[in-house]
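Worksheet: the structure to be examined is printed underneath.
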Amino acid sequence: MLDKELDLDFPAWPQYDETERAGLVRALEQGQWWRIGGSEVDEFEREFAEANGAPHALAVTTGTHALELALQVLGVGPGTEVVVPAFTFISSSQAAQRLGAVAVPVDVDLDTYCLDPEAVAAAITPRTAAIMPVHMAGQICDMDALGKLSADSGVPLLHDAAHAHGGRWRDQGVSALGTMAAFSFQNGKLMTAGEGGAVTFPDIEQYETAFLRHSCGRPRTDRTYRHQTSGSNFRMNEFTASVLRAQLARLDGQIDTREQRWPVLAGQLARITGVLPQATDDRCTRNPHYMAMFRVPGISEQRRNQLVDALVARGLPAFAAFRAIHRTKAFWETGAPDEPVEAIARRCPNSEALSTDCVWLHHRTLLGTEEQMHAVAEVVSDALAAS
């Protein structure tokens with residue numbers, strides 16, 4: 001057991017100051033609280049697109065709605081399939097399933113926890129309408145291989161960038177890689193207004209299609225209810241956008257801090273017998289580090305969960321990693337592939353392992369001091385020895 005008191009008083013999350021407060025007052029006093037007539041959403045879209053290297057951005061109600069909307073733009077629906085990682089938060093698959101498509105789980109790389117391009121290639125069929133790389137914890141997927149696979153197969157990519165605000169692949173943002181990307185602003189994300197989402201677009205045609213669908217099929221200037229396409233109300237309100245503008249303004253500085261802290265923490269974790277931190281890919285030239293993730297290979301799921309409880313009891317914001325989507329009841333409710341769960345498990349052994357042995361720490365941990373990174377590793381080492 002540790003015989004000294006360690007400083008685990010990490011910065012709180014969400015973070016805010018007078019900038020958010022001023023934005024909320026600005027939105028309030030403009031007298032228009034929805035995007036049609038207000039200016040906050042328009043300004044946030046412009047700023048977010050610029051920050052992520054995209055020609056266009058559309059702000060929406062949630063990150064899940066961002067995925068659904070982008071998939072609709074790609075023509076996903078009944079009779080189509082979407083390739084998704086087996087190891088991801090379930091919104092990735094449910095966005096496709098709620099549109100009537102079949103979500104096809106494929107395995108991830110055991111080092112980076114990101115989509116395995118070879119597994120994707122094996123899963124493509126004539127019905128595949130989209131491939132959804134999830135940039136796990138801010139580590140950008142192998143976009144060289146996935147980009148080539150998309151070009152060769154003709155199947156478009158849709159980035160699930162819920163963890164990747166400000167991330168870069170070969171010095172380009174995921175929104176600058178020629179395809180749509182969907183972002184989340186849920187309470188735990190790297191920038192947040194409690195909820196919210198955005199889609200970035202490489203061309204104006206996709207943006208205009210998405211705008212119609214996110215506003216009940218109604219053009220921005222319509223006054224006679226001439227709805228042009230099916231859709232829903234996914235519009236972001238002005239208050240949410242005003243908070244996100246403030247959050248975006250401090251994002252780069254927070255990423256700088258996390259980029260400095262992760263190598264320190266990863267190095268210390270790697271010194272603990274049996275612990276493997278998430279690997280990095282040098283082509284990912286800016287990793288925002290949505291999570292600090294590590295594995296304990298060979299540990300049972302029950303013992304992993306006990307380890308997480310012990311870390312929380314010692315003051316770390318720790319969590320069990322995502323359960324493989326095919327191991328959840330929700331995945332099988334609608335839009336599941338016509339194969340038994342064990343067949344999926346056999347072709348997704350890495351996702352199975354990560355569901356059992358992976359732990360993640362909230363990204364506010366990486367906003368702590370360098371000394372705190374050493375303290376985190378000490379706590380992990382002690383808790384693992386005692387579990």
Checklist entry - Which pairs, with at least one residue in residues 336-350 and sequence neighbours excluded, count as a salt bridge (Lys or Arg N to Asp or Glu O under 4.0 Å)? => result Arg327-Glu342, Glu339-Arg347
Checklist entry - Would you say Asp9 has more than 12 foreign heavy atoms packed within less than 6.0 Å of its CG? => result no
Item to check | Modelled atom types, side-chain donor and acceptor of Thr125 and Glu81, under 3.5 Å | outcome: yes
Checklist outcome for this item: Partner of Val174 under side chain to side chain contact (heavy atoms under 4.5 Å, CB included), picked from His159, Arg168, Met143, Met180, is His159
Item to check | Under-4.0 Å salt bridge between Arg35 and Glu238 | outcome: no
Checklist entry - Does the pair Arg286/Asp171 count as a salt bridge with the N-to-O cut at 4.0 Å? => result no
Next on the checklist: Just by distance, no angles: are the side chains of Thr61 and Glu195 close enough, under 3.5 Å, to form a donor-acceptor pair?
Outcome noted: no
Item to check | Residues Arg226, Asp222: salt bridge by 4.0 Å N-O rule | outcome: no
Item to check | Salt-bridge criterion met for Asp42 and Arg46 (N-O under 4.0 Å) | outcome: no
Next on the checklist: Regarding Arg323 and Glu352, does a basic nitrogen lie under 4.0 Å from an acidic carboxylate oxygen?
Outcome noted: no
Next on the checklist: Just checking His214 against Phe234, ring centres under 6.0 Å apart?
Outcome noted: no
Checklist entry - Salt bridge between Arg304 and Asp357, side-chain N to carboxylate O under 4.0 Å? => result no
Item to check | Ring-ring centroid check Trp13 His363, cutoff 6.0 Å | outcome: yes
